[in-house]
2 protein chains.
Amino acid sequence: MNRSRTKAPAGVNLPALRHHNAALVLDLLRAAGAEGISRLELAEGTGLTPQAVSKITARLREDGLAAGAGLRPSTGGKPRTVLRLVPDAQFAVGLHLDRDGLTAVLVDLAGRPVAVATAPLDLGAPAERVLADAADAVRDLCAAEPHKPVIGVGVAVPGPLDHRDGVLHRVTGFPRWDGYPLRAALAERTGLPVVLDKDTNAAALALALGGAGGGDFAYLHLGTGLGAGLVLGGEVHRGARTGAGEFGHQTLQLDGPLCGCGGRGCIEALCLAAEARGDRGEAARVLGTGAANLVGLLDIDRVVLGGRTVAADEDAYVRGVRAVIEERAARGGAGAGVTVTVAGGGDRPVAEGAAQLVLAPVFGRVGEEKRVGEEKADRG
Amino acid sequence: MNRSRTKAPAGVNLPALRHHNAALVLDLLRAAGAEGISRLELAEGTGLTPQAVSKITARLREDGLAAGAGLRPSTGGKPRTVLRLVPDAQFAVGLHLDRDGLTAVLVDLAGRPVAVATAPLDLGAPAERVLADAADAVRDLCAAEPHKPVIGVGVAVPGPLDHRDGVLHRVTGFPRWDGYPLRAALAERTGLPVVLDKDTNAAALALALGGAGGGDFAYLHLGTGLGAGLVLGGEVHRGARTGAGEFGHQTLQLDGPLCGCGGRGCIEALCLAAEARGDRGEAARVLGTGAANLVGLLDIDRVVLGGRTVAADEDAYVRGVRAVIEERAARGGAGAGVTVTVAGGGDRPVAEGAAQLVLAPVFGRVGEEKRVGEEKADRG
DNA sequence: CCACTTAAGCAACGCTGTTGCCAAAGTGCA
DNA sequence: TGCACTTTGGCAACAGCGTTGCTTAAGTGG
């Protein structure tokens with residue numbers, strides 16, 4: 001269980017223990033995907049007794065979250081029964097509010113999108129207007145798939161914000177949003193629990209859960225700006241004020257050219273300037289140098305690139321970034337074995353990651369926050 | 001409980017739950033110090049029932065880890081009984097192996113040193129020789145204070161190393177140590193459990209536990225080199241290969257002056273060069289720029305400076321670093337409310353932090369690693 | 001067809017924190 | 001001085017967790 005000590009009591013009682021272990025099993029079920037996973041493999045993965053796993057999976061099946069999925073070939077004895085997650089048991093909405101558009105997805109427990117909707121959006125419009133557009137998108141999506149239990153809405157937004165309180169800060173270019181309690185407003189409007197986070201964090205979460213699997217990594221998003229989502233220890237690192245990931249305005253050139261932020265020699269300014277003058281190699285080298293700094297500082301084992309600017313020439317950026325990291329590793333610095341890849345998939349991963357913000361607690365990934373004694377009391 | 005997922009089973013059974021809650025209570029007892037803390041405050045701090053706390057503290061008292069410490073003034077009813085940690089119940093040895101010397105401390109559960117020893121050391125000597133010196137220091141320290149149950153030895157070493165395996169990597173200036181399994185060797189020699197970590201991590205751990213208390217922070221050590229210890233979410237961040245904290249060779253000046261590491265424009269090179277030519281203000285500004293990068297990237301709320309070079313002129317460095325961070329915050333960047341302080345105390349904090357590496361698990365701070373069913377079975 | 005192997009469930013168990021209740025130990029007012 | 005009240009903390013019973021010991025189910029292989 002999490003131990004974000006310093007605040008929040010971390011005492012564990014039996015319901016909490018039960019919930020924790022159930023979430024652990026669900027997480028393994030999800031990771032196993034459609035193939036499924038046997039009870040004994042679950043036991044090995046959790047460190048629990050096979051009998052305990054049997055009890056837990058029995059409860060999950062009763063709740064409709066897990067189901068049998070055939071048998072494994074025998075290895076000389078009774079064949080193992082394979083279990084799998086029932087993706088249709090619960091759904092979550094992911095909302096990506098960008099500067100010029102809105103993307104909404106309805107995903108199942110496995111994280112697969114079952115419905116997508118996009119619409120134009122003007123972040124410069126009055127708050128009421130934007131809020132209404134967002135709420136409408138959520139409502140339409142839920143209406144399109146009735147009878148689907150939706151457990152919440154995850155919202156990904158560009159600017160700096162407070163994830164804990166669900167309050168926006170000064171979104172770059174739209175200072176008027178500073179202090180707007182988007183989470184509370186949208187929660188009231190939709191009647192659903194809402195989680196708010198930065199778009200880069202949502203993207204990083206999607207990457208952490210999907211495909212390439214675990215490990216610590218940094219997602220670097222180069223679009224009109226440059227930001228980062230950090231996944232450390234398998235969880236999104238948000239920092240003390242949940243503002244972590246300000247990567248674009250790291251100083252990379254002391255007393256370098258002026259940046260829009262007022263600083264000098266920011267990675268973002270250097271990178272975009274190089275890109276603007278057509279020197280993509282230099283842009284990639286700048287980005288790579290920042291990435292290499294990250295690799296050494298945090299000892300991550302994966303760098304993932306994304307964003308429109310990267311998408312325009314994925315190869316050049318991957319090669320350029322990889323070159324810098326490998327050069328430093330060859331000199332004896334950190335970075336040996338670090339892989340550099342691109343996220344791909346355009347902007348939809350951000351919306352899907354936003355939905356994962358809501359799903360994450362189901363699988364025991366962070367964000368439990370004061371979950372005490374909230375179980376449907378009846379059983380049998 | 002920890003969730004360093006991706007590896008290591010995280011299932012929780014009753015013994016694990018018991019251990020977790022006991023550690024939680026012990027941690028609060030330690031934080032309370034000599035003043036002590038009442039059962040109801042413990043209940044509030046853990047989220048457990050007062051009755052559960054009573055049971056847990058009864059066990060701790062039976063084991064000699066906790067004891068009564070008077071009464072609180074009544075608030076209209078029965079006065080609260082105050083409990084406190086019994087620091088003499090267990091001890092740990094902290095060992096700091098530096099390039100030119102060795103510091104060994106014996107600390108009690110509260111982290112207070114009860115014995116200190118220093119000796120010259122030559123890291124360039126044969127491994128057997130260094131190992132013998134280290135083992136001797138441990139033995140002498142334990143002998144000086146017999147009847148003290150010592151639960152382990154924490155070792156802080158300069159270079160890069162693997163904390164998980166307890167193996168040294170290429171210590172700067174002493175490449176011969178690359179691959180040496182110091183933890184295993186010293187454990188066999190002393191017959192005690194040994195934990196190995198970088199000196200900067202040990203210092204950071206000491207800071208995280210002592211005095212100024214929680215929060216995320218970075219400890220920046222500027223001596224003959226420049227390194228960092230990161231404390232994120234109340235725990236030392238070590239990264240995927242436990243090599244995190246390589247701060248000195250972050251590029252801060254693209255294509256800047258050559259560094260000893262072979263790179264260009266490393267913070268360390270810039271900082272030490274400025275210091276060498278007497279421009280302390282510039283050295284502080286360089287360090288501050290790196291610190292500000294860190295603050296924005298990780299959203300930490302504290303920067304702590306240390307090391308001999310900083311100690312030579314603490315004020316200049318604190319002011320210089322603080323100036324850069326505040327300037328960036330004033331521009332609307334991250335860093336508002338970040339405090340900048342110095343560690344102080346010279347090198348002994350590193351040895352004390354090394355001892356804390358061993359004590360940390362007692363208080364539930366990370367590093368439990370496969371603790372299953374190891375309890376003294378008898379009771380009563 | 002039988003011996004063997006592997007998987008999974010049933011029942012009893014030990015131990016956890018919780019609940020309900022009561023004794024202990026103070027304060028404050030009559 | 002005495003009684004009502006408040007607050008603390010322990011005792012006992014309890015529900016629920018994973019574990020253990022054993023039995024049953026369901027295969028393989030000679």
Side-chain angles (χ1 to χ4, degrees), chain A residues 1 9-25 36-62 66 68-83 372-373 375-380, chain B residues 1 9-25 36-44 46-62 66 68-83 372-380:
Chain A
M1 316 205 171
V12 178
N13 52 19
L14 289 173
L17 178 145
R18 167 205 182 106
H19 184 263
H20 169 85
N21 284 343
L24 213 58
V25 170
I37 183 172
S38 74
R39 284 175 177 77
L40 277 91
E41 287 163 339
L42 288 171
E44 193 178 359
T46 57
L48 297 172
T49 321
Q51 182 63 22
V53 172
S54 273
K55 284 190 177 180
I56 292 167
T57 53
R59 289 197 299 261
L60 293 178
R61 283 167 52 174
E62 224 177 87
L71 301 175
R72 281 267 160 74
S74 166
T75 61
K78 176 174 177 176
R80 301 185 174 182
T81 308
V82 177
L83 298 171
V372 199
E375 295 278 307
K376 291 173 296 181
D378 66 316
R379 178 168 310 283
Chain B
M1 320 204 172
V12 178
N13 51 19
L14 290 173
L17 178 147
R18 167 206 183 107
H19 184 262
H20 170 86
N21 284 341
L24 214 57
V25 169
I37 184 172
S38 73
R39 283 176 178 75
L40 277 90
E41 287 162 339
L42 287 172
E44 194 177 358
T46 56
L48 298 173
T49 321
Q51 181 63 20
V53 172
S54 274
K55 284 189 177 180
I56 293 168
T57 54
R59 289 198 297 261
L60 293 178
R61 282 167 52 175
E62 222 177 89
L71 302 173
R72 282 268 160 73
S74 165
T75 61
K78 177 175 178 176
R80 302 184 174 183
T81 308
V82 176
L83 298 171
V372 199
E374 41 166 281
E375 294 279 307
K376 288 173 300 182
D378 67 318
R379 177 166 311 284

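Every chain is numbered from 1 and lettered A, B, ... according to where its sequence line falls, protein lines coming before strand lines.
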Classify the nucleic acid contact of A/T49 as base, sugar-phosphate or nothing, counting any heavy atom under 4.0 Å across all strands shown.
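Base: the residue A/T49, judged by heavy atoms under 4.0 Å, touches a nucleobase.
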At 4.0 Å (heavy atoms only), tell me whether B/T81 reaches a base, stays on the sugar-phosphate, or touches nothing.
sugar-phosphate
Interatomic distance where [atom1] belongs to [X] and [atom2] belongs to [N] [whole Å]:
X     : N      : atom1 : atom2 : answer
B/L71 : D/dG9  : CG    : C1'   : 12 Å
B/E41 : D/dG9  : CD    : P     : 10 Å
A/H19 : D/dG18 : NE2   : C1'   : 18 Å
A/L48 : C/dA8  : CG    : P     : 15 Å
A/R80 : D/dA26 : CZ    : C1'   : 14 Å
A/K78 : C/dT6  : NZ    : P     : 14 Å
B/R72 : C/dT27 : CZ    : P     : 16 Å
A/I56 : D/dG16 : CD1   : C1'   : 13 Å

So for A/K55 and D/dT19, does any side-chain atom that can act as donor or acceptor lie under 3.5 Å from a complementary atom in the base?
yes
Between the base of D/dC11 and the side chain of B/Q51, is there any donor-acceptor pair under 3.5 Å?
yes
With heavy-atom distances below 4.5 Å as the criterion, would you say the side chains of A/T46 and A/N21 are in contact?
no
Minimum side-chain heavy-atom gap A/T75-A/R80 below 4.5 Å:
no
Just N and O in the side chain of [X]: are any of them under 4.0 Å from OP1 or OP2 of [N]?
X     : N      : result
A/S54 : C/dG9  : yes
B/R59 : C/dG17 : yes
B/R39 : D/dG10 : yes

Against B/L42, only a single residue in B/I56, B/L48, B/I37 fulfils side-chain contact (heavy atoms from CB on, under 4.5 Å); can you say which?
B/I37
Quick check on DNA chain C: between A/G76 and A/L14, whose nearest nucleotide comes earlier from the 5' end?
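Closer to the 5' end of DNA chain C: A/G76.
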Between A/R61 and A/T75, which has a closest nucleotide on DNA chain C that is more 5'?
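Looking at the nearest nucleotide for each, A/T75 comes out on the 5' side.
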Using heavy-atom distances to pick each residue's nearest nucleotide on DNA chain D, tell me which of B/G77 and A/A52 is more 5'.
B/G77
More 5' along DNA chain D: A/V53 or A/P79, using each one's nearest nucleotide?
A/V53
Evaluate the criterion side-chain contact (heavy atoms from CB on, under 4.5 Å) for residue pair B/L71 and B/T81; output intermediate values, then yes/no.
CA-CA 5 Å; B/L71 302 173; B/T81 308; 3.9 Å; yes
Tell me whether A/T49 contacts the main-chain N or O of A/A52 through its side chain, where contact means a donor paired with an acceptor under 3.5 Å.
no
